[in-house]
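Step one of this worksheet: look at the structure below.
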Amino acid sequence: MPLLPLLPVMASTFSPTSAARALLPGSTSRPLFLAASASSGRIQPSRKGLDFRRGRFTVCNVAAPTAAEQEATASAAKETQRPVYPFAAIVGQDEMKLCLLLNVIDPKIGGVMIMGDRGTGKSTTVRSLVDLLPDIRVVVGDPFNSDPDDPEVMGPEVRQRVLQGDTGLPVTTAKITMVDLPLGATEDRVCGTIDIEKALTEGVKAFEPGLLAKANRGILYVDEVNLLDDHLVDVLLDSAASGWNTVEREGISISHPARFILIGSGNPEEGELRPQLLDRFGMHAQVGTVRDAELRVKIVEERARFDRDPKTFRESYHDEQEKLQQQISSARSNLGAVQIDHDLRVKISKVCSELNVDGLRGDIVTNRAAKALAALKGRDSVTVEDIATVIPNCLRHRLRKDPLESIDSGLLVIEKFYEVFS
């Protein structure tokens, strides 16, 4: 049979068996697909529930694993993955560690940008966060980590089933995912792509979700973010602003939720970030090289112990890791009960106003971060000390750059804070 050209609507002579071949058990890509109808020459909804509105297709996942398969896959991956340096074993760098913990407690803070000298443990600290991430409820087999209770973070198929009144969604708990975005990634790998080979050989239009789909309700980590290509920066800006990723490929428009905690790290000597992307990070942590000789010796010894026997080293920090996990879980549960006085809110906004911070993100993030810190400390109200701790990280990167200014922007924020709160 000759190969047919790809058109926005495929007038098809494909047989039903060709579409069925997309469901082979050996398939590992778990694509989303649109099947073509042999009778009408138009793309028709399948039994899984396809819908198209205003020329846009809502697609579905056709190779969803069962809960047992998903659990077995996660267990196998855990057994084979490289050991991660324990978060509790990180020496110093308290500012960076606090910013990361606050974002895990309240993902709506908006992520953290970590800038500092090379070799200061930025990547190690971020990746060590994996062990502390709490469990979340997800729909089994959904490639978008859909929340069964929140329509705003549901994938297309799950949303369609909920709208149709389906109350039997298979639900399981899973760790919040952390996705690494490599600098050399292509736009198709990040956003998702149409599987051209499957379209030509099997007669279906198959959409393969990308990294943004995998990062939904999780963490997207970009190492050396200041070296990221401009076209990928634009993709991140769009998704971070809207919480959705829209893919336009081969005449098909597909939208799916992409709400993630954006974490970036970089060395300021290698270049500055575009202001638009820098503003998307909720907090900014400045990391410096440890100068104390005793601390440096301790860091070297701990790293040598880890490299020599990672399993034993991780076990030695098991109790501290468990304690930190419980603290994070408790803070997430109590976050909604934390209150901040109106007077403190007014003073926060006054600091932002007098520092000429553009927009209102600084006000919002400072309020959220202060409440998350209070929850982490086990309190139900925000104090002035909580605000003093987080406000430099929330506003430092939002100040307008003055090339003639020699003072650190964090110190400017602290000075203005004490002037207003005195």
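The figures that follow rest on heavy atoms only: side chains count, while hydrogens, waters and symmetry mates do not. Remember, it's a predicted structure, so these values are computed and weren't measured experimentally.
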Under 3.5 Å, which donor-acceptor pairs do the side chains of residues 181-188 form with other protein atoms, sequence neighbours left out?
unit_1	atom_1	unit_2	atom_2	d
Thr186	OG1	Arg189	N	3.2
Asp188	OD1	Arg249	NE	3.0
Asp188	OD1	Arg249	NH2	2.7

Item to check | Donor-acceptor contact below 3.5 Å, side chain Asp292 vs main chain Leu295 | outcome: yes
Checklist outcome for this item: Note: Cys352 and Leu395 closest approach over all heavy atoms is SG-CD2, 3.7 Å
Next on the checklist: In the structure I gave you, are the side-chain heavy atoms of Met113 and Arg280 within less than 4.5 Å of one another anywhere?
Outcome noted: no
Checklist entry - Considering all heavy atoms of both residues, which atom of Ile340 and which atom of Lys371 are nearest to each other, and what is their separation? => result CG2-CD, 4.3 Å
Item to check | Cationic N near anionic O, under 4.0 Å, Glu301 to Lys298 | outcome: no
Item to check | Salt-bridge criterion met for Lys323 and Asp319 (N-O under 4.0 Å) | outcome: no
Next on the checklist: So does His231 get a backbone contact from the side chain of Asp229, meaning a donor-acceptor N/O pair under 3.5 Å?
Outcome noted: no
Checklist entry - Can a donor-acceptor pair be found between the side chains of Asp386 and Thr389 at a distance below 3.5 Å? => result no
Next on the checklist: Would the distance check show the side chain of Thr366 and the main-chain N or O of Gly362 forming a donor-acceptor pair, the cut-off being under 3.5 Å?
Outcome noted: yes
Next on the checklist: Do Val179 and Ile219 have side chains that approach each other closer than 4.5 Å (heavy atoms only, starting at C-beta)?
Outcome noted: no
Checklist entry - Does some side-chain heavy atom of Leu212 sit less than 4.5 Å from a side-chain heavy atom of Val190? => result yes
Item to check | Heavy-atom check, side chain of Leu373 versus side chain of Lys377, under 4.5 Å | outcome: yes
Item to check | Val420, Ile364, Asn367 screened by side chain to side chain contact (heavy atoms under 4.5 Å, CB included) with Ile348, the one that passes | outcome: Asn367
Checklist entry - Between Lys347 and Phe421, what is the shortest heavy-atom contact and its length? => result CB-CZ, 3.4 Å
Next on the checklist: Tell me if a side-chain donor or acceptor on Arg314 pairs with a main-chain N or O of Val84 at a distance below 3.5 Å.
Outcome noted: yes
Checklist entry - Is any side-chain heavy atom of Asp341 less than 4.5 Å from a side-chain heavy atom of Val382? => result no
Checklist entry - Just by distance, do the side chain of Ser242 and the backbone of Asp238 share a donor-acceptor pair under 3.5 Å? => result yes
Item to check | Minimum side-chain heavy-atom gap Leu132-Gln321 below 4.5 Å | outcome: yes
Item to check | Arg137 bridged to Asp147 by N-O distance under 4.0 Å | outcome: no
Item to check | Heavy-atom donor-acceptor pair, Asn226 side chain to Asn267 backbone, under 3.5 Å | outcome: yes
Checklist entry - Short question: side chain of Gln327, backbone of Leu376 - any donor-acceptor pair under 3.5 Å? => result yes
Checklist entry - Is the closest side-chain heavy-atom distance between Thr173 and Ile136 below 4.5 Å? => result no
Checklist entry - Should Arg127 and Asp180 count as an ion pair when the cut-off is N to O under 4.0 Å? => result yes
Checklist entry - In terms of ring plane angle, is the pair His284 and His397 parallel, tilted or perpendicular, where the classes change at 30° and 60°? => result parallel
Checklist entry - Can you name the closest pair of heavy atoms from Tyr85 and Ile90 and give their distance? => result CD2-CD1, 3.7 Å
Checklist entry - Can you check whether Phe87 and Tyr317 have ring centres sitting under 6.0 Å from each other? => result no
Checklist entry - Do any N or O atoms from the side chain of Arg305 and from the backbone of Phe313 form a donor-acceptor pair under 3.5 angstrom? => result no
Checklist entry - Does any N or O in the side chain of Asn145 come within less than 3.5 Å of the main-chain N or O of Asn216, such that one atom is a donor and the other an acceptor? => result yes
Checklist entry - Side-chain donor-acceptor pair under 3.5 Å between Thr289 and Thr120, yes or no? => result no
Checklist entry - Would Glu95 and Lys122 pass as an ion pair if we require N to O under 4.0 Å? => result no
Next on the checklist: Between Ser239 (side chain only) and Leu236 (backbone N and O only), is there a donor and an acceptor less than 3.5 Å apart?
Outcome noted: no
Checklist entry - Closest approach of Arg259 and Gly243, non-hydrogen atoms and distance? => result CG-O, 3.6 Å
Item to check | Check ion pair Glu270-Arg118 (N to O, under 4.0 angstrom) | outcome: no
Checklist entry - How about Lys214: does its NZ atom have over 12 heavy atoms from other parts shown lying under 6.0 Å from it? => result no
Checklist outcome for this item: Residue set satisfying side-chain contact (heavy atoms from CB on, under 4.5 Å) with Asp358, at least two apart, ordered chain then number -> Arg400
Under 3.5 Å donor-acceptor pairs involving side-chain atoms of residues 101-112, not counting sequence neighbours:
unit_1	atom_1	unit_2	atom_2	d
Asn103	OD1	Gly111	N	2.7
Asn103	ND2	Cys99	O	2.9
Asp106	OD1	Lys108	N	3.1
Asp106	OD2	Arg368	NH1	3.3

Item to check | Nearest heavy-atom neighbours spanning Met96 and Thr125 | outcome: CE-OG1, 3.4 Å
Item to check | Val140 and Val171, any side-chain heavy atoms less than 4.5 Å apart | outcome: no
